[in-house]
Structures are given as structure tokens and as C-alpha cells.
Amino acid sequence: MNYWLFKSEPDEYSINDLAAEPSGSGCWDGIRNYQARNILRDQVREGDFVFFYHSSCKVPGVAGTAIVTRGAYSDPAQFDKQSKYYDEKSTADKPRWFCVDLSFKSRFKEVVSLKTLKATPALSEMMLLKQGRLSVQPVTADEWRKILQMAKP
DNA sequence: GCCAACGTTGGC
DNA sequence: GCCAACGTTGGC
């Protein structure tokens with residue numbers, strides 16, 4: 001079982017949107033970066049835990065947690081000509097892009113901000129702080145525990 | 001809105 | 001395969 005950090009722009013899809021999904025779980029789609037795709041496809045498994053990170057917003061940071069309820073499967077949006085995620089080079093038997101399903105787990109009372117993460121010595125090795133632009137990234141068990149500790153209950 | 005740090009594309 | 005030009009991400 002592993003830990004991950006997934007980024008989303010809250011204007012597009014926030015932790016509240018995930019929490020409000022009628023089925024209790026939502027499809028994490030639209031990943032169009034190969035490094036993120038490879039992690040999603042090859043390493044993210046059902047039952048893994050996920051930090052839901054809000055990016056490109058007023059207070060960027062970890063907003064809550066989710067659990068992976070379905071491992072990687074072909075992202076339907078890549079075949080949808082109306083979608084901004086449409087990819088003409090994808091075929092049904094050779095899909096380029098993948099998504100997973102997430103189920104809402106918890107919302108932090110306050111976002112654990114990027115600023116706070118940066119100011120925490122125990123988290124100085126976090127991938128988030130090393131390679132800011134990657135939208136799916138691994139989190140160590142220690143980092144997971146530490147950030148949960150920092151989140152207000 | 002700016003810009004740094006990437007990632008992708010395409011000519012050669 | 002190199003690299004310049006261009007596009008995107010995401011913090012500020």
C-alpha cells in the first residue's frame with residue numbers, strides 16, 4: 001500500500017467536488033503528462049491513500065485525503081472529441097492516457113499550505129518541493145504521517 | 001499577469 | 001539525436 005499526492009486546481013475540481021460526488025467516488029482524469037501517467041498507470045493501486053492538493057489558487061496546499069477505489073484504466077476523455085482532453089493519437093486498444101477512481105476520505109479544517117510545508121524541516125525532501133510541476137507524485141509514509149499531524153482535526 | 005522551470009515538438 | 005522554439009504548470 002502506497003501514498004500519493006495528486007494535484008488539482010480547485011476551480012476545476014476541488015476536494016469539495018470529490019466529497020459531493022453522488023456515487024461517493026470520482027474519476028481522476030485529464031492527466032496529460034507522461035511522467036504522471038507512468039506513475040498512475042504502473043504504481044497507483046486500489047487501496048492506496050492520496051493527498052488531495054489544491055494548486056493554482058489563493059492558498060496552494062494539501063486540502064484533504066482520498067482513497068483509490070479503482071486502479072488505472074483507460075481515460076474515456078481521450079476519445080471524446082468534445083473534451084479538451086481529446087487525443088487523436090489514442091486508440092481503444094492502445095490508449096495513451098489513464099485515470100483512476102478516488103473516493104473522498106477527509107477534508108482538513110484548514111489547508112496545509114505549501115508555505116507551511118516548505119517551512120517544515122521534516123518535509124524538506126518532499127518531491128513536491130523538489131519538482132513542483134509534477135501532478136502525481138509519491139509521498140513517503142513518514143511524510144504522510146507528518147502532514148496528517150499538521151492538519152487540524 | 002509575470003516568469004522560472006520544466007516538457008513537447010519538429011526541423012535538421 | 002540535437003536543440004531551438006514553443007507550450008504548460010504553478011507559485012507569487
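Each chain gets a letter, A, B and so on, in the order its sequence line appears, and its residues count up from 1. Side chains are part of it too, since the values below use all heavy atoms of this structure and drop only hydrogens, waters and symmetry mates.
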From NE2 of A:His54 across to P of C:dT9 the rounded distance in Å is 17 Å
Of the listed B:dG7, B:dT8, C:dG10, the closest approach to the A:Tyr34 side chain comes from B:dT8
So, for A:Phe98 and A:Trp28, is the gap between ring centers shorter than 6.0 Å?
-> no
*asked:* Please determine whether a side-chain nitrogen or oxygen atom of A:Lys7 lies at a distance below 4.0 Å from atom OP1 or OP2 of C:dG10.
replied: yes
Atom NZ of A:Lys89 and atom P of B:dT8 are separated, to the nearest Å, by 12 Å
- prompt: At under 4.0 Å between heavy atoms, what does A:Ser56 touch on the DNA or RNA strands: base, sugar-phosphate, or nothing?
  reply: base
To the nearest angstrom, the CD-P distance between A:Gln137 and C:dG10 comes to 9 Å
Quiz item: Do A:Gln35 and A:Gln131 have side-chain atoms, one donor and one acceptor, less than 3.5 Å apart?
Solution: yes
Between A:Asp48 and A:Asn2 the two heavy atoms that sit nearest each other are OD1-N, 2.9 Å
Rounded to whole Å, the CG-P distance (A:Leu117 to C:dG11) equals 11 Å
Tightest non-hydrogen contact, residues A:Pro10 and A:Asp17, listed as O-OD2, 4.2 Å
Does B:dA5 have OP1 or OP2 sitting under 4.0 Å from an N or O in the side chain of A:Lys130?
no
To the nearest angstrom, the CD-C1' distance between A:Glu9 and C:dT9 comes to 8 Å
Looking at every strand, decide which applies to A:Lys58 at a 4.0 Å heavy-atom threshold: base, sugar-phosphate, or nothing. nothing
Taken to the nearest whole Å, CG/A:Asn33 to P/B:dA5 is 18 Å
Taken to the nearest whole Å, CD/A:Glu12 to C1'/C:dG10 is 13 Å
* Asked: Does a nitrogen or oxygen in the side chain of A:Gln131 sit under 4.0 Å from OP1 or OP2 of B:dG7?
  -> yes
To the nearest angstrom, the CD-P distance between A:Glu88 and B:dT9 comes to 11 Å
For A:Gln35, report the nucleic acid contact type (base, sugar-phosphate, nothing); a contact means any heavy atom under 4.0 Å. sugar-phosphate
| task | Apply the test side-chain hydrogen bond (donor to acceptor under 3.5 Å, both in side chains) to residues A:Gln78 and A:Ser74: give CA-CA distance (whole Å), side-chain angles for both, the deciding distance (0.1 Å), then the verdict. | result | CA-CA 8 Å; A:Gln78 68 196 314; A:Ser74 173; 3.1 Å; yes
Closest of C:dG10, B:dG7, C:dG11 to the A:Tyr53 side chain is C:dG11
